[in-house]
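Chain naming here is simple, since letters A, B, ... match the order of the sequence lines and numbering starts at 1 in each.
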Amino acid sequence: MSVTTYNVIGTRPIRHDGADKVTGRALYGADLQLARMVHGAVLRSPHAHARILRLDTTKAAAHPGVFAVVTAADFPPAPTDKIVDFGEGDTLLSSLRGNILASGKVLYSGHAVAAVAAVNAHVAAEAVALIEVDYEPLPCVLTAPAAMAPGAPLLHEGLANGNVAEYVRHEIGDLAAGFAAATVIVERELNTATVHQGYIEPQNATAFWSSDGRVHIWCSTQGSFVARDASAAVLDIPVSQVRVTPMEIGGGFGGKINVYLEPVAALLSKKAGRPVKMVMSRRDVFTGTGPTPGSRVRVKIGVDAAGKITAAQAWLAYEAGAYPGAMVGPGAMTVFACYDIENVLIEGFDVVVNKPSTAAYRAPGAPNSALATETVLDEIAEKLGIDPLELRLRNAAKEGTRRADGPRYKRIGCVEVIEAMKASAHYNAPLPGPHCGRGVAIGYWFNIGLPSSATLSVNADGTVNLIEGSTDIGGSRTSLSMQGAEVLGIRAEDVHPTIVDTDSVGYTGVTGGSRTTFATGLAVYEAAQDVVTQMKARAATLWGTKEVEFSNGTFSSGSNSFSFAQLAAQLGATGGPVVGSAAVNPRGAGGSIAGLIIDLKVDPETGKTDVLRVTSVQDAGKAIHPAYVEGQMQGGTAQGIGWALNEEYFMDGSGDMRNSSYLDYRMPTALDLPMIETIIVEVPNPGHPFGVRGVGEANIVPPLPAVANALYRAIGRRLHSVPMNPATILNL
Amino acid sequence: MALKVQVQTTINNEPVQFLCEPRQTLLECLRDVVGLTGTKEGCGDGNCGSCTVKLGDRIVTSCLVLGVEAEGETITTVEGLAHGNTLHPLQKAFLEHAALQCGICTPGFLIAADALLQKHPHPTEDQTRFWLSNNLCRCTGYDKIIRAVQAAAVEINGAPQ
Ligand code: FES
Ligand code: FES
């Protein structure tokens, strides 16, 4: 454990954008108003799978108040094999374009077909209703097994194998020998339903295609540069012709990396000659953006009498939705990632189905696979009479453990997280009564690096201005400023962060992959080191010396010393402004382990589950701002509990989502949850100067299996499908 | 396009007149006509609470109220909570307790919580959760929101007797 003491890191300053966000001044995407702005709306397919026979926009175009109508025919011709990098995975350009505006066929109910810009949103909606489309409905497939069956209707020509877009396989050791050495073997298949990230702010984009050929886009995105690059690719113009201004963002969780409206608003603006604003309805968000895959995962684990896992096998089929890219890759890499296992075989299938094209959702792919592993281990622990945390401890991944997909772990906090769970007040407290159960589980997420840039300019009053490009979804302005402040020996409040557009800062990857505090934090750290170096030189000039020391915010040489602020006041006289900058592409991202302990009570009459007590444990590496680390853990836990107990896309046989409102797609409310206790474990990441690992994602991995394990303890039977809602509990 | 109607209201203690179409919601009028974009739209059908405003002496989801229904009414939005540059104790408590992450739900929670504290000066955790269950937050898991509201109750009304 780290013994370093910090002045700023680990404290809980008020966030820099706080006053704006509690007074309503902060401008989110939908809040933008521009002169001469008009409003867009999208026509969406009512069919899950159909050929477009005729698409006639004449009446819509003639509707009073309409400025422009666009369809896929307005895109420049697409090279079929071009790849676009999306931050958390690559996408084929033709898929990206096809998903933005359907061409030839529609592949899911909700698929965008055409768009209109009009004087206001009501008139745009009227015009959308005037667009005439003749469809030839085709048979649809809605689940991975149905899509993999011989003779299933095909969504695309030319995929690897029917509707299977990708097959992944990881193998180490000797599986047969491993299972032969086992005392207990359990094999189960676990299913999960399609769920949505559920961010409260709908997607939105405003675009203005200027007469000079440049496109300016204002939107809610997790990555302004990714939005820029994807929009440029779709529009077939150079990236420098697109400028993206990231507005405040009302939640993303992975779902606001992809572009949906941005290129459409741009095309409409080009035709209309005006800025065009588009905002999705909630139904559009559910049916027209990427949820996370439904999945089938079969896991078989063998354990010897000493409680050591001897072999593990997994088969995963994830529903990609309409286009390839179901995150089965990370699902396969994480399925056994918490454990040190010598003999492993993992096979994963990325399967297209007639549902919305899936997107990332917080540790994408990992909760689905952990559900299977962690419930099977729970069964094994019971069979062997070993405490479920003890079984995990005996097999926990450590520094040097090799994952089946190749990499060996550097320092990792698996043992520490499990030990913190075992030692917690919660785990050692009795259950409150009958029909109650306690479940535990752990989970892993990689965390990622990717490039980030930052600039720090020193003000004469001893403060600094921070210019950066990571959209702030949960307090990152502050976690970044704190890292700069720590280096410079000033207060967090003395750093003034601004998030700027893509013309105004170096390339910065998405706010995703739990990378912002890690990677952009590293950029800020390096920029601050640059500032220190330059300021030392100024002090050396002033004092006529070569050697200047800097520590704890004080520059010194012999008997001379200046505080940061004192030296900052002298910059004008010593050569002018000091601006430090850095661009990084770190390789040292450190994976994070999370664990959950949950107590549930099930009403035997109604099947309703009440959540009694929850403790989330996670290895943060180093918690820069502990309150926002706790917030990530609490938020991920709440989402995971909703996923486990209640949330699902309820599709009818024709592929229509029947619960596309918050009334029917019911996410946890304040009344559904208790306080969420948190235990932050800090096993520093050797790849970051302060040890940061990133905390955004791993916390959503354990809730699904922890809930499943707790339900088993409460009702005595195991459920094998998520959501585990009252109906499924009563029908057991 | 429908003919517009003139509506006279008092918004955040100031007389405000605006013109709107009969089909426009109060939420649209506040955001797009009056320019008070602090009130947010998360769903448009009454189920997320991010558009919560005070209308007369009750709180409403302004996406389910027509602009013309506000005629003669008094409205408070998030922009009206602070006194000049002095934040309302709820606003301060939300910042001190890190009760927002993305902040899109925050305006609705603040308005709803303000109404709660007027009705129940010292709400229990259950009362607070029940009252705020019309407001969805996807980021925080509610823990820090509940704590912030309870801290604000003490700040405003003193420790419970
Ligand atoms: S926008 Fe009014 S309740 Fe959601
Ligand atoms: S803080 Fe993001 S929805 Fe509440």
Side-chain angles (χ1 to χ4, degrees), chain A residues 12 14-15 17-28 30-31 33 64-65 119-123 197-202 248-253 279 281-282 473-475 625 627-628 630-639 641 661-663 667-673 675-676 678, chain B residues 1-2 21 23-24 28 31-32 35-48 50 77-79 81-82 87-88 90-92 94-107 110 125-126 128-147:
Chain A
R12 301 178 177 226
I14 301 286
R15 62 193 283 170
D17 52 342
D20 281 352
K21 283 186 174 158
V22 297
T23 56
R25 280 200 307 270
L27 289 179
Y28 293 73
D31 302 338
Q33 303 283 355
V119 62
N120 63 46
H122 296 282
V123 175
Q197 300 85 353
Y199 37 79
I200 305 296
E201 179 207 36
E248 295 302 333
I249 174 170
F253 315 111
V279 182
S281 68
R282 181 53 51 183
I473 316 188
H625 192 309
Y628 288 99
E630 293 161 5
Q632 289 296 318
M633 295 163 68
Q634 291 164 336
T637 299
Q639 286 183 316
I641 291 172
S661 78
Y662 277 148
L663 183 64
M667 310 195 306
T669 70
L671 204 53
D672 297 316
L673 295 168
M675 293 301 187
I676 299 170
T678 54
Chain B
M1 261 174 286
E21 293 182 34
R23 64 181 168 184
Q24 287 185 286
E28 276 183 86
R31 290 176 50 81
D32 299 345
L36 291 172
T37 56
T39 305
K40 304 301 182 193
E41 175 166 353
C43 68
D45 56 16
N47 289 303
C48 76
S50 49
T77 70
V78 68
E79 289 93 342
L81 276 183
L87 294 181
H88 186 284
L90 273 165
Q91 292 172 312
K92 266 175 59 188
F94 267 56
L95 293 182
E96 280 160 8
H97 289 78
L100 54 144
Q101 285 177 33
C102 78
I104 198 84
C105 67
T106 308
L110 288 169
E125 183 187 332
D126 268 357
T128 309
R129 289 186 179 277
F130 185 72
W131 187 278
L132 296 177
S133 62
N134 194 47
N135 292 76
L136 292 176
C137 173
R138 191 60 156 173
C139 297
T140 64
Y142 305 102
D143 182 300
K144 294 185 189 304
I145 294 177
I146 305 299
R147 291 180 200 276

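Neither the backbone nor the side chain of Ile641(A) has a heavy atom closer than 4.5 Å to any heavy atom of chain B. Proximity to chain A is absent for every atom of Leu81(B), based on heavy atoms less than 4.5 angstrom apart. Proximity to chain A involves both the backbone and the side chain of Asp32(B), based on heavy atoms less than 4.5 angstrom apart. Residue contact with chain B, scored on non-hydrogen atoms closer than 4.5 Å, involves the backbone and the side chain of Thr23(A) alike. For Phe130(B), the parts lying under 4.5 angstrom from a heavy atom of chain A are both the backbone and the side chain. Only the side chain of Leu87(B) comes within less than 4.5 Å of a heavy atom of chain A; its backbone N, CA, C and O stay farther away. In this structure, chain B has no heavy atom under 4.5 Å from any part of Ala121(A). Of the atoms belonging to Gln639(A), heavy atoms from both backbone and side chain fall under 4.5 Å from chain B. In this structure, chain A has a heavy atom under 4.5 Å from the backbone of Thr140(B), while its side chain stays farther away. Of the atoms belonging to Leu673(A), heavy atoms from both backbone and side chain fall under 4.5 Å from chain B. Contact of Glu41(B) with chain A is made through the backbone alone, with heavy-atom distances under 4.5 Å.
Heavy-atom pairs under 4.5 Å with chain A were tallied for Asp45(B), Asn135(B), Leu132(B), Leu100(B); the largest tally goes to Leu100(B). Comparing His625(A), Glu248(A), Arg25(A), Gln632(A) by how many heavy-atom pairs each has under 4.5 Å with chain B, the most go to Gln632(A). Put simply, of Gly103(B), Gly38(B), Ser133(B), the one with the most heavy-atom pairs under 4.5 Å next to chain A is Ser133(B). For the set Glu630(A), His122(A), Arg15(A), the entry with the most heavy-atom pairs within less than 4.5 Å of chain B is His122(A). In terms of non-hydrogen atom pairs under 4.5 Å with chain B, the most contact-rich of Ala627(A), Gly475(A), Ser661(A) is Ala627(A). Considering only heavy-atom pairs separated by less than 4.5 Å from chain B, the leading option among Ala638(A), Gly635(A), Gly252(A) is Gly635(A). Most heavy-atom pairs under 4.5 Å with chain B: of the set Gly636(A), Ala26(A), Ala670(A), this distinction falls to Ala670(A).
Residues Arg31(B) and Gln33(A) share a closest heavy-atom pair of O-NE2, 3.7 Å. Nearest heavy atoms, Tyr28(A) versus Ile104(B): CD2-CD1, 3.4 Å. A pairwise comparison of heavy atoms in Cys102(B) and Gly251(A) identifies CB-N, 3.3 Å as the closest pair. What you find for Tyr142(B) and Pro668(A) is that their closest heavy atoms are OH-O, 2.7 Å. Of all the heavy atoms in Asp126(B) and Leu671(A), the pair that sits closest is O-CD1, 4.5 Å. For the residue pair Val78(B) and Val22(A), the shortest heavy atom distance occurs at CG2-O, 3.5 Å.
In terms of modelled atom types and a separation under 3.5 Å, the side chain of Arg138(B) and the main chain of Glu201(A) share no donor-acceptor contact. Distance alone, capped at 3.5 Å, places no donor-acceptor pair between the Gln634(A) side chain and the Lys144(B) backbone. A donor-acceptor pair under 3.5 Å is absent between the side-chain atoms of Arg129(B) and the main chain of Asp672(A), judged by distance alone.
Distance NZ/Lys40(B) to CG/Asp31(A): 3.0 Å, rounded to 0.5 Å. Atom CG of residue Leu663(A) and atom CG of residue Asn47(B) lie 4.5 Å apart, to the nearest 0.5 angstrom.
Thr106(B) has its side chain out of reach of Lys21(A): every pair of non-hydrogen atoms, C-beta onward, lies at least 4.5 Å apart. Taking the side chain as every heavy atom from C-beta outward, Glu21(B) and Asn120(A) approach each other to under 4.5 Å.
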